[in-house]
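Keep in mind it's a predicted model, so treat the numbers as computed, not measured.
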Amino acid sequence: MADESHAHMTAAKARWQGIVIGLVVGILLGAILGVLLPEVSRQPPGAPAMPGKAGPRRVQDTPILCSVSGEGEARVLELRNNHRDPLENVVVEATRAGNTAAGRVPVGTIAANSTKTLTGADWDWKVQTGDVFEVSAEGFAPITFTAP
């Protein structure tokens, strides 16, 4: 009988030890998450989740400076590559104010630190004030330029 009582006491003690260990582990995990989760949720979009840890990489904008030159029907779009390397697969998409017209021209490669001028010979587009141009290049995020 003493052996049964001792076995019952040992089982009860083990059960309580398991409950206590589970509570301690749960409290520790809760404390750790309670400290870390608010820190992660306060980070701005695109920022590393933890200080010192790499977060999602943002793709660099296409390094092209856009401008318009000329007058009236002779206005042209100029694309200046401001990158130290050539830009490949450059594409320009144009939209007329009010979405009344749209156009697209594959420009190809623009050499480093050089300018490509798009004229009527390159595409069927007359540059007007308010035209919106989206310029993209391989490996870069597109940029938007509105003709003055």
Considering non-hydrogen atoms only, spot the tightest contact between V127 and A147 and give its length.
CG1-CB, 4.1 Å
Output the distance between atom OG (S67) and atom CG (L79), rounded to the nearest 0.5 Å.
8.0 Å
same_hphob_cluster(I110, V76) at 4.5 Å side-chain heavy-atom cutoff:
no
Pairs involving residues 69-98, ordered by first then second residue, that meet salt bridge (Lys or Arg N to Asp or Glu O under 4.0 Å) (sequence neighbours left out)
E93-R104, R96-D131
Applying the side chain to side chain contact (heavy atoms under 4.5 Å, CB included) criterion to I64, which one of T115, L87, N82 satisfies it?
L87
For the backbone of A111 and the side chain of N81, can you confirm whether one donor and one acceptor N or O come within less than 3.5 Å of each other?
yes
Quick one: closest heavy-atom pair of A137 and V90, and the distance?
CB-CG2, 4.0 Å
Could you tell me which non-hydrogen atom of P86 sits nearest to which non-hydrogen atom of T109, and how far apart they are?
CB-CG2, 4.0 Å
For residues 108-128, the salt bridge (Lys or Arg N to Asp or Glu O under 4.0 Å) pairs (sequence neighbours left out) are K116-D122
Has T144 got a side-chain atom pairing as donor or acceptor with E134's backbone, closer than 3.5 angstrom?
no
Check whether L77 and V132 end up in the same hydrophobic cluster, where Ile, Leu, Val, Met, Phe, Trp and Tyr are linked by side-chain heavy atoms less than 4.5 Å apart.
no
Heavy atoms of C66 and I143 approach each other most closely as SG-CD1, 4.2 Å
If only atom types and distance count, is the side chain of T129 paired as donor or acceptor with the main-chain N or O of P148 below 3.5 Å?
yes
Distance, nearest 0.5 Å, that separates CG of L118 from CH2 of W125
12.5 Å
Taking all non-hydrogen atoms of both residues, which atom of D61 and which atom of F140 are closest, and how far apart?
O-CD2, 3.5 Å
